[in-house]
Amino acid sequence: MAAPSLASPPPGAAGDWTIPQGWDLYTAEDHAVWLTLYDRQAKVLPGRACDAFLGGLDALDLRGAGVPDFERVSDRLQPLTGWRVVAVPGLVPDDVFFEHLANRCFPAGNFIRKADQLDYLQEPDVFHDVFGHVPMLTDPTFADFMQAYGEGGQRAMRLGQLHNLARLYWYTVEFGLMRSDDGLRIYGAGIVSSKSESIFALEDPSPNRLGFDLERVMRTPYRIDDFQQAYFVIESIDALREAALQDFAGLYDRLPKLDDIPIEAIVPADTVYHRGTQHYAHTRAAA
Ligand code: HBI
Ligand code: FE
């Protein structure tokens with residue numbers, strides 16, 4: 001199926017691309033897929049996901065009886081950090097996405113994958129968006145970071161620096177790890193919503209696990225088609241918010257003059273938690 005055009009909102013969507021979630025239209029299969037995915041992750045995430053994620057999952061009572069009603073999730077979330085969840089048909093244009101984040105609205109796809117595609121899907125569905133992204137928005141510091149990211153995204157677009165900011169998003173919000181007293185923990189939505197990557201990201205010897213550094217991350221390409229070859233580790237959610245609140249002007253001046261860092265490289269300035277073998281990526285490439 002060709003990617004839907006992002007030129008203008010699809011029929012039935014508002015100017016900001018939001019649509020009615022249509023909660024009554026979900027089928028018994030849709031609700032069963034939600035519960036299957038939820039229960040599968042509930043088994044692998046204790047001891048792997050960070051406390052803020054697990055706490056958010058409980059605070060929002062996200063298992064329920066199937067696909068959550070965004071209004072009900074928002075009514076629980078808003079008193080905690082001012083965020084709400086709004087329904088969109090799928091990926092929305094970057095400027096629309098940033099505008100929602102800047103207004104503490106998280107745009108979540110309202111569709112859910114089919115039972116025969118539990119492990120792979122083209123676009124973020126409601127499980128990726130609501131199970132993966134929304135629990136972290138119950139943490140006040142992360143909630144501030146996500147709004148700052150939205151505001152930064154609007155600025156980056158004006159400065160033609162979007163590709164650098166997309167890397168920041170990818171290596172934190174989607175595939176970020178953090179330190180804890182008990183070892184590395186997951187907070188990235190792309191990892192917590194995937195059973196196989198929840199295990200791979202923390203335990204497989206293949207990928208590098210490196211200390212987060214804003215400029216380093218913005219110089220590092222990422223994989224969109226497979227497990228990451230590098231994961232970046234933040235010291236704390238506070239540290240992530242501090243990074244986002246700094247002035248990016250100097251960074252945007254320096255970055256165009258700096259080469260990308262190859263995806264599997266480790267550079268002298270890196271804090272190395274794990275030097276990966278890249279065995280997984282190399283065998284996949286050879287296949
Ligand atoms: N749209 N609905 C939705 N969800 C996303 O995560 C999303 C998006 N549009 C653009 C986008 N993400 C990325 O390009 C961000 O890095 C901006
Ligand atoms: Fe996502």
Side-chain angles (χ1 to χ4, degrees), residues 3-10 12-21 37 41 49 53 56 62 70 73-74 83-113 120-137 142-143 145-177 186-194 197-198 201 214 217-218 220-225 227-228 231-232 240 243-244 248:
S5 147
L6 289 182
S8 61
D16 62 2
W17 287 66
T18 54
I19 57 172
Q21 180 187 359
L37 290 168
Q41 289 311 97
F53 178 87
L62 273 188
F70 294 2
V73 174
S74 298
W83 277 81
R84 292 190 71 80
V85 182
V86 292
V88 290
L91 288 176
V92 302
D94 292 337
D95 59 324
V96 171
F97 184 65
F98 291 131
E99 178 70 18
H100 281 301
L101 297 188
N103 293 311
R104 296 207 174 214
C105 284
F106 189 82
N110 70 329
F111 67 97
I112 189 162
R113 66 195 79 178
Y120 183 72
L121 73 160
Q122 213 70 26
E123 278 205 28
D125 71 342
V126 64
F127 187 75
H128 170 93
D129 279 332
V130 175
F131 181 91
H133 282 286
V134 172
M136 285 301 291
L137 294 174
F142 194 82
F145 163 72
M146 284 294 277
Q147 179 177 24
Y149 180 85
E151 290 162 349
Q154 293 172 310
R155 232 182 357 262
M157 289 193 76
R158 287 195 294 273
L159 298 169
Q161 293 280 349
L162 184 61
H163 59 293
N164 292 317
L165 216 75
R167 287 172 170 175
L168 171 61
Y169 190 84
W170 200 265
Y171 279 121
T172 55
V173 179
E174 292 295 356
F175 292 97
L177 301 180
I186 304 164
Y187 70 96
I191 307 177
V192 281
S193 56
S194 155
E197 196 150 4
S198 296
L214 191 59
V217 160
M218 287 182 156
T220 309
Y222 52 83
R223 298 295 297 263
I224 58 168
D225 59 340
F227 293 160
Q228 298 309 312
Y231 294 95
F232 289 90
L240 181 63
F248 279 37

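Just so we're clear, the structure is a prediction, and the values are computed from it rather than from any experiment. Note that ligands are numbered from 1 as they come in the structure, with each ligand's atoms numbered from 1 the same way.
Rounded to the nearest 0.5 angstrom, Leu240 CG and Phe145 CZ are separated by 4.0 Å. Atom CD in Glu99 sits 8.5 Å away from atom CG in Asp16 (nearest 0.5 Å). Note: His133 NE2 to Met136 CE = 11.5 Å, rounded to the nearest 0.5 Å.
Between Val92 and ligand 1, an N or O atom pair is found at a separation short of 3.5 Å. Of the polar atoms of Asp129, none of the N or O atoms is found under 3.5 Å from an N or O of ligand 1, judged by distance alone. Considering backbone and side-chain N/O of Gly90, one or more are found under 3.5 Å from N/O of ligand 1.
Across Trp170, Phe97, Trp17, heavy-atom proximity to atom 15 (C) of ligand 1 is greatest for Phe97.
Relative orientation of the Tyr169 and Tyr149 rings is tilted, given thresholds of 30° and 60° on the angle between their planes.
The Fe ion (ligand 2) lies closest to atom OE2 when only the N/O/S atoms of Glu174 are considered.
Not a single heavy atom of Gly109 sits under 4.0 Å from any atom of ligand 1. Residue Phe98 places a heavy atom under 4.0 Å from ligand 1.
The NE2 atom of His128, the Fe ion (ligand 2) and the NE2 atom of His133 define an angle of 100° (nearest 10 degrees).
Among Ser198, Ser194, Ser193, the single residue meeting the side-chain hydrogen bond (donor to acceptor under 3.5 Å, both in side chains) criterion with Gln41 is Ser198.
Near Leu91, meaning under 4.0 Å from any of its heavy atoms, are these atoms of ligand 1: 1 (N), 2 (N), 3 (C), 4 (N), 5 (C), 7 (C), 8 (C).
Put simply, the side chain of Trp170 gets close to the backbone of Arg223: a donor and an acceptor are under 3.5 Å apart.
If you look at Tyr222 and Tyr231, their ring centroids are not closer than 6.0 Å.
Scanning the protein heavy atoms around atom 13 (C) of ligand 1, the nearest turns out to be Asp94 OD1, 3.9 Å.
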